[in-house]
Amino acid sequence: MYALIQNNEIVKVFANPEGFTLNGNQYSSQVFTLWSNEEKQAIGIYEIETDSSNFKDEAYYINTNEIFAFSNGKATRSWGNAFAKQLEDVNAVDQNGAPILQDGKQVVIKGLKSQKISISKQQAAGLLQSTDWYVTRKADTGTAIPQEIQDFRTAVRSVNNQQETQINACTTVEQLKNLYEYTNTGTEQSPIYTRQLAEFPKTNRD
């Protein structure tokens, strides 16, 4: 990412190399890849340095708009303070604070916890779907469900319950985020990556 500087101000940001016209001269996109930094800066093109110290995971936080600045011969890109997304469900209200209703029912804006629980349920349902036919066969013919399959289905439901309990126990967005973060609990030579959130079983017999 580059910036065009004129009179010590950023007048254009180049997210990707592209041709441009400057002071009546036409320049190709190769300026960005073939020219040295000194050559680029001579016509006002500076590589942008990114400061992501305030940037946070967009799945959990709302980042403020990007801030581009030029000072002391450096073009920089940064963000202001990030705001945590809503953790709990909230009732939707209009600009006057009155409840927003749909078909006579209160509209609820789902928080991160509800969203994560919904994903957990979807994952569990997806894992169970491949063995649902065993349940249907038992209902239709009385044929017993193999113990291996029954154990798998029980484990899936158990993990789903564990995940919901762990998610509901979070009181901050950072706690929720940490549930999903994988860390190496092994060694550098033999890494073992685990997370706090319970893991669904990986395999089953179809």
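In this text, all values refer to a predicted model and were calculated from it rather than measured experimentally. By convention here, the first residue in the shown sequence is residue 1.
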Derivation of the side chain to side chain contact (heavy atoms under 4.5 Å, CB included) call for Leu127 and Phe152:
CA-CA 9 Å; Leu127 288 168; Phe152 171 77; 4.3 Å; yes
Without swapping roles, check the side chain of [X] against the backbone of [Y] for a donor-acceptor pair under 3.5 Å.
| X | Y | answer |
| --- | --- | --- |
| Gln196 | Tyr180 | no |
| Gln106 | Ala92 | yes |
| Thr64 | Gly80 | yes |
| Thr154 | Gln150 | yes |
| Thr21 | Gly24 | no |
| Asn160 | Val156 | no |
| Ser52 | Phe55 | no |
| Asn178 | Glu181 | no |
| Asn91 | Val108 | no |
| Gln163 | Ala198 | yes |

Working for side chain to side chain contact (heavy atoms under 4.5 Å, CB included), residues Cys170 and Leu179
CA-CA 9 Å; Cys170 293; Leu179 285 181; 3.6 Å; yes
Would you say that [X] contacts [Y] through its side chain, given a criterion of any heavy-atom pair below 4.5 Å between the two side chains?
| X | Y | answer |
| --- | --- | --- |
| Glu199 | Val159 | no |
| Thr76 | Ile48 | no |
| Ile45 | Tyr27 | no |
| Val13 | Met1 | yes |
| Lys116 | Ser120 | no |
| Phe68 | Glu66 | yes |
| Trp35 | Lys40 | yes |

After noting the C-alpha distance and the side-chain angles of Gln115 and Ser118, does the key distance pass the side chain to side chain contact (heavy atoms under 4.5 Å, CB included) rule?
CA-CA 5 Å; Gln115 294 174 33; Ser118 177; 5.7 Å; no
Should the pair Lys177 and Tyr61 be classed as cation-pi, given the thresholds of under 6.0 Å to the six-membered ring centre and 45° from the axis?
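Geometry flag: not set, cation outside 6.0 Å or 45°.
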Evaluate whether atom [atom1] of [X] has more than 12 neighbouring non-hydrogen atoms of other residues, nucleotides or ligands under 6.0 angstrom away.
| X | atom1 | value |
| --- | --- | --- |
| Gln129 | CD | no |
| Asp140 | CG | yes |
| Asn7 | CG | no |
| Asn96 | CG | yes |
| Gln26 | CD | yes |

Side chains of [X] and [Y]: donor-acceptor distance under 3.5 Å anywhere?
| X | Y | value |
| --- | --- | --- |
| Thr183 | Arg195 | no |
| Asn168 | Glu164 | no |
| Thr141 | Thr143 | yes |

Look at Asp89 together with Lys113 and state whether they make a salt bridge at an N to O cut-off of under 4.0 Å.
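Salt bridge: no.
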Check whether the ring centres of Phe14 and Phe32 lie less than 6.0 Å apart, and answer yes or no.
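Here the rings of Phe32 and Phe14 have centres that are less than 6.0 Å from each other.
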Does anything in residues 44-65 form a salt bridge (charged side-chain N to carboxylate O under 4.0 Å, His left out)? List the pairs, not counting sequence neighbours.
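Pairs touching residues 44-65 that pass the test: none.
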Compare every heavy atom of Leu128 with every heavy atom of Arg153, then report the nearest pair and how far apart it is.
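Of all heavy-atom pairs spanning Arg153 and Leu128, the closest is NH1-O, 3.1 Å.
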